[in-house]
Amino acid sequence: MLELRKSYNPKGIEEKWYEYWVSKGYFKPDSDSRGNTYCIVIPPPNITGSLHMGHALNMTLQDILCRWKRMSGDKVLWLPGTDHAGIATQNVVEKQLTAEGLDRHKLDRDAFIERVWKWRTEYGGKIIHQLKRLGASCDWSRERFTLDEGLSRAVIEVFVRLYEEGLIYRDNRLINWCPRCHTALSDLEVEHEELEGKLTYIKYPLSNGSGHITVATTRPETMLGDTAVAVHPDDSRYKDFIGKTVALPLTQRKIPIIPDAAVDSSFGTGAVKVTPAHDFNDEAIAKRQSPALEFITVIGKDGSMTEDAGSRYAGLDRYECRKLVIKDLKERGLIEKEQRYTHAIGHCYRCKTVIEPLLTLQWYVNVQPLAKEAIRMVREEKIRIIPKSWENTYFAWMENIRDWCISRQIWWGHRIPAWYCQKMQNAKCKMQNGVIVSRVMPPVCPYCGSEELVQDEDVLDTWFSSALWPFSTLGWPDKTNDLKTFYPTSVLVTGFDIIFFWVARMIMMGLKFMGEVPFRDVYIHALVRDVKGQKMSKSKGNVVDPLTMMDRYGTDAFRFTLAAFAAQGRDIRFSEERVEGYRHFVNKLWNAARFVKQSTEHRIQIPENFQLSTFNFQLPERWILSRLAATADDMNRALEEYRFNDAASSVYQFVWHEFCDWYIEMAKSEPVTSESVMSCLLYTLETSLRLLHPFMPYVTEEIWQNIKSEESEVKESIMISDYPKSMPRDYQAEEDMSCIMEAVMGIRSIRGELNISPSLELNVSIKTLSDITDKILRKNLQYVKRLAKAAEIKIGRNVRKIEGSAVSVKNSVEVYVPLKGLLNIDAEIDRLKKDGARVEESIAFLNKKLLNEDFLQRAPEEVVEKEKTRYNELVRKKERIVESIKKLKEVEVKE
RNA sequence: GGGCGGAUAGCUCAGUUGGGAGAGCGCAGCCCUUACAAGGCUGAGGUCACAGGUUCGAUCCCUGUUCCGCCUACCA
């Protein structure tokens with residue numbers, strides 16, 4: 001047996017047990033278990049990522065749930081994996097290539113993909129190792145990757161089926177384009193940021209030379225692509241302008257002035273330039289016109305101006321062009337004014353480049369039909385979102401959901417299973433535009449038999465594959481055992497930032513392809529911020545590294561901190577001090593274990609089938625076991641409702657302030673050989689360890705292995721032992737114990753407030769205020785002596801106060817400590833007066849309340865009764881305090 | 001513009017059906033009591049953001065205000 005060192009040092013211990021658990025296969029679902037199945041799929045981290053606080057919290061909560069359920073007898077599968085993160089990963093590898101003076105186009109597509117796979121093999125597993133360090137009890141034998149063979153098959157299957165149902169289609173319209181990543185983005189992938197810019201007022205001269213119309217814009221350079229000016233049809237100022245044309249400055253074009261109801265007459269000049277190819281609003285206006293307005297693309301895919309922008313501007317970067325356009329307009333006297341103006345600008349969520357609306361041909365999913373069902377499932381509580389407040393967010397988005405652009409112009413990802421016939425030799429083929437969507441590459445065109453087929457160059461949005469995660473990871477489209485056993489999964493644990501990206505889409509796809517919700521509960525946890533409440537980001541330099549926390553304080557303390565912080569519906573302001581505090585808790589537990597071990601050395605095991613009833617327990621044992629039962633109940637209930645912080649504080653309170661502060665101290669007053677005390681110490685400790693294990697897996701295992709019974713080795717690990725369930729309470733013991741505590745605290749207060757040395761043993765008198773209290777105290781006198789450091793205690797219903805004693809007045813007892821020469825009577829009088837004043841305040845308050853007729857008549861009887869009792873108690877207490885002060889004053893006079 | 005959340009001890013936060021508010025850290029005092037100084041005991045510290053309303057009674061429910069934070073949106 002290992003010796004327990006004086007303080008807990010996690011170094012080495014964590015690795016040791018993690019390897020042990022893995023080697024024993026404890027993380028795999030127990031095939032013998034007849035319990036309920038419980039399954040969580042991990043939100044797959046990006047392979048480019050490294051562990052941050054968000055992951056740490058997310059994983060810790062899932063691990064707590066899994067370990068708790070596993071110990072509770074469920075058949076648990078926690079399925080891990082990673083996400084290929086198309087754009088992010090491609091960016092990383094492209095950066096490498098750039099450093100080598102290469103770019104992906106110099107390699108060919110296959111060589112580039114190979115290169116990314118190589119990168120993935122070398123670095124992509126980093127985050128998995130970090131997750132393991134956290135203690136995550138995932139079944140690593142089932143680890144999946146969104147680009148692995150099985151998942152890719154699922155992606156193709158889903159694409160083809162949705163296409164065949166007409167829910168996936170291809171269209172040419174404006175999309176969000178990132179000029180740096182060179183790809184289309186979905187609406188969600190655009191981050192809007194409020195920025196200060198300029199509103200430029202430009203005069204557009206009428207073609208007939210009869211004046212001008214002024215438009216206001218934040219993007220002067222797009223005027224080169226204007227194809228109309230729009231005004232509100234009811235705007236009297238512009239009634240006569242409608243139907244006329246303006247000569248678009250800097251170009252040779254004439255464009256019409258058109259009416260459109262979407263124009264806000266009160267904004268700017270009430271006239272708006274229309275650039276259909278570079279603005280979503282303008283696109284809508286253009287399409288409403290009949291005939292539709294022309295689309296002129298003046299900005300290209302790299303963010304620079306096209307030929308259509310005119311030779312003077314072609315090739316310029318869009319921002320350079322803006323400057324030049326303004327300069328040119330100024331020279332012509334066409335700038336009316338410039339105004340400072342703050343507005344939201346869309347940025348690429350991967351690289352923060354300002355996105356450009358561009359007209360391109362892309363693939364879309366029509367998601368409305370899927371969303372409808374997904375909304376219903378949440379409305380009908382087939383899926384519970386916890387905390388419930390997030391339901392509104394979900395509904396708001398789902399009810400206004402727009403088609404999802406799923407094609408990306410990058411190489412790393414699931415290539416779109418579409419081929420284009422290059423010949424289109426017959427009408428049928430032409431009708432289909434030569435588009436062939438197929439699970440496998442078709443040998444010839446199914447329409448016209450041509451052999452010239454070219455696959456679509458694009459890949460799918462990474463979130464498309466993530467949306468299938470809950471069933472693709474379980475083996476779909478095959479009908480696997482895992483799928484049958486574990487789908488629907490039990491709960492999804494995630495942050496609110498990906499409710500739309502991921503959660504909503506998983507619900508839609510799960511319903512569509514499995515005909516069943518993907519999970520029963522969605523637990524939305526907080527965002528981890530820094531101490532000041534700011535989002536952690538590398539640029540702000542306020543990032544706290546979880547690995548550093550684990551190094552510094554140990555994984556257990558770190559995990560416990562996260563759990564203790566995880567109150568529902570509130571963000572976490574992470575503070576390192578809290579971690580330090582919980583490291584102390586780990587150490588406290590460790591030392592409690594040392595004590596228990598040392599005191600029970602010659603009888604180190606809990607008897608098999610430990611039955612509380614077989615012992616003739618004294619009050620302290622009955623009390624601590626009842627408190628233990630209460631704690632177990634609290635924790636199970638809290639975990640059931642995802643109240644991690646409540647569970648954590650409950651067990652913290654119990655272990656430190658009940659077990660250590662009271663029970664262990666009381667146990668010390670017993671002879672160490674007392675069988676009932678030793679058993680109770682061991683039982684309480686061992687049960688506490690099991691309660692704590694989901695939160696602090698390592699230290700609990702280490703201690704557990706050190707104290708576990710050697711003879712009856714039923715279980716090899718605390719991980720697979722039983723989670724404490726409900727045990728009987730002993731309310732009488734809890735009530736009786738409060739008398740003891742009052743007596744002890746009374747003596748301690750006197751000691752503390754009068755600065756009497758703890759080493760000085762006191763003689764104490766205790767006046768009991770009821771026969772029952774009297775009996776309890778007499779029977780348990782040794783504990784009071786021990787805890788209050790008293791030499792002699794005189795107890796009785798009629799114990800008289802000795803002159804010159806300090807007094808502490810409690811509900812069930814009065815405590816007198818004669819202080820002989822030590823007593824500072826003035827200080828003692830002050831102390832009592834202060835106490836008296838507090839009591840007086842409460843009496844006044846209650847008095848007012850009890851004189852209130854309305855209260856007496858309308859408040860529930862038990863409340864009135866309770867207040868009356870309290871009032872009487874306080875009045876008696878006040879009388880006793882007054883009496884004591886009087887006596888002290890008499891002493892003072894005598895002296 | 002719309003929506004959501006927050007404001008409680010010096011700091012970070014709990015507070016579950018409305019019945020005079022708690023923890024951790026910090027602070028002050030006394031202690032190295034043989035599990036633990038990463039500890040023990042005792043204590044100080046709060047008009048529960050502000051103003052109304054409902055109620056016998058409000059930190060809690062309703063309305064409004066102020067200050068933060070977030071999400072969302074096509075006013076150029």
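So you know, we letter chains A, B, ... as the sequences are listed, proteins then strands, and number each from 1.
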With RNA chain B as reference, determine whether A:G752 or A:N852 sits nearer its 5' end, using the nearest nucleotide of each.
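Taking each residue's closest nucleotide, the earlier one in sequence belongs to A:G752.
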Starting from the 5' end of RNA chain B, give me the residue, A:L856 or A:Y582, whose nearest nucleotide shows up first.
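Of the two residues, A:Y582 wins.
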Nearest-Å distance, [atom1] ([X]) to [atom2] ([N])?
X	N	atom1	atom2	result
A:L787	B:G40	CG	P	13 Å
A:N392	B:G5	CG	C1'	12 Å
A:L850	B:G19	CG	P	17 Å
A:R578	B:U12	CZ	C1'	6 Å
A:F659	B:A35	CZ	P	13 Å
A:N9	B:C36	CG	P	17 Å
A:R786	B:U34	CZ	C1'	9 Å
A:N587	B:G40	CG	P	11 Å

Base, sugar-phosphate, or nothing: which does [X] touch, judged by heavy atoms less than 4.0 Å apart?
X	value
A:F565	sugar-phosphate
A:A567	sugar-phosphate
A:E665	base
A:I664	base

Among A:F565, A:F695, A:Y523, which residue meets the ring-ring contact (aromatic ring centres under 6.0 Å, His included) test with A:F644?
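It is A:Y523; the other options fail the test.
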How far does the [atom1] atom of [N] sit from the matching atom of [M], given to the nearest Å?
N	M	atom1	value
B:C60	B:G5	P	16 Å
B:C62	B:U54	P	15 Å
B:C13	B:A38	P	27 Å
B:G39	B:G24	P	12 Å
B:A49	B:A7	P	7 Å
B:G10	B:C27	P	15 Å
B:G29	B:U63	P	49 Å
B:G15	B:G46	C1'	14 Å

Between [Y] and [X], is there a salt bridge with N-O shorter than 4.0 Å?
X	Y	value
A:K810	A:E742	no
A:E865	A:R870	no
A:R318	A:E356	yes

Sequence neighbours excluded, which residues qualify as salt bridge (Lys or Arg N to Asp or Glu O under 4.0 Å) partners of [X]?
X	answer
A:D264	none
A:E338	A:K330
A:E658	A:R627
A:K388	A:E381, A:E391

Find the runs of at least 3 consecutive base pairs, i with j, i+1 with j-1 and so on, that include RNA chain B, using Watson-Crick or G-U wobble geometry with both distances under 3.5 Å.
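Runs of three or more consecutive pairs: B:1-7 with B:66-72, B:10-13 with B:22-25, B:27-31 with B:39-43, B:49-53 with B:61-65.
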Taking only side-chain nitrogens and oxygens of [X], does any of them come within less than 4.0 Å of OP1 or OP2 of [N]?
X	N	result
A:H657	B:G24	yes
A:W656	B:G40	yes
A:H584	B:C36	no
A:R838	B:A44	yes

Distance criterion of 3.5 Å, no angle test: do you see the side chain of A:K6 paired donor-to-acceptor with the base of B:C36?
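Donor-acceptor pair under 3.5 Å: no.
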Does a distance-only test, which skips hydrogens and angles, find a donor-acceptor pair under 3.5 Å between the side chain of A:K668 and the base of B:A35?
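Counting by modelled atom types and ignoring angles, a donor-acceptor contact under 3.5 Å is found here.
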Minimum-distance nucleotide to [X] side chain [options: [options]]:
X	options	result
A:D661	B:A38, B:C36, B:C41	B:C41
A:S749	B:G19, B:G43, B:A35	B:G43
A:Y652	B:G43, B:A38, B:G24	B:G24
A:R748	B:A35, B:C41, B:A38	B:C41
A:F595	B:A35, B:A38, B:U12	B:A35
A:N591	B:C36, B:C41, B:U16	B:C36

Do you know the tightest heavy-atom contact between A:G270 and A:R237?
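A:G270 and A:R237 have their closest heavy atoms at CA-NH2, 3.9 Å.
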Pairs under 3.5 Å (N/O, protein and nucleotides 70-76 of chain B):
{"from": "B:C74", "atom 1": "OP1", "to": "A:R402", "atom 2": "NH1", "distance (Å)": "3.2"}
{"from": "B:C74", "atom 1": "O2'", "to": "A:N281", "atom 2": "ND2", "distance (Å)": "2.2"}
{"from": "B:C74", "atom 1": "N1", "to": "A:N281", "atom 2": "OD1", "distance (Å)": "3.0"}
{"from": "B:C74", "atom 1": "O2", "to": "A:N281", "atom 2": "OD1", "distance (Å)": "2.1"}
{"from": "B:C74", "atom 1": "O2", "to": "A:N281", "atom 2": "ND2", "distance (Å)": "3.4"}
{"from": "B:C75", "atom 1": "O2", "to": "A:D264", "atom 2": "OD2", "distance (Å)": "2.1"}
{"from": "B:C75", "atom 1": "N3", "to": "A:D264", "atom 2": "OD2", "distance (Å)": "3.0"}
{"from": "B:A76", "atom 1": "OP2", "to": "A:Y341", "atom 2": "OH", "distance (Å)": "2.4"}
{"from": "B:A76", "atom 1": "O2'", "to": "A:A216", "atom 2": "O", "distance (Å)": "2.9"}
{"from": "B:A76", "atom 1": "N6", "to": "A:D264", "atom 2": "O", "distance (Å)": "2.7"}
{"from": "B:A76", "atom 1": "N6", "to": "A:F267", "atom 2": "O", "distance (Å)": "2.8"}
{"from": "B:A76", "atom 1": "N1", "to": "A:D264", "atom 2": "N", "distance (Å)": "3.3"}

Which residues pass the side-chain contact (heavy atoms from CB on, under 4.5 Å) test with A:Q339, not counting sequence neighbours?
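A:Q339 satisfies side-chain contact (heavy atoms from CB on, under 4.5 Å) with A:L199, A:Y201, A:K337 once adjacent residues are dropped.
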With A:L527 via side-chain contact (heavy atoms from CB on, under 4.5 Å) - residues at least two apart:
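With neighbours one apart ignored, the set is A:F496, A:R529, A:K535, A:D571.
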For A:D279, side-chain hydrogen bond (donor to acceptor under 3.5 Å, both in side chains) partners two or more places apart
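Per chain and number, A:D279 pairs via side-chain hydrogen bond (donor to acceptor under 3.5 Å, both in side chains) with no residue.
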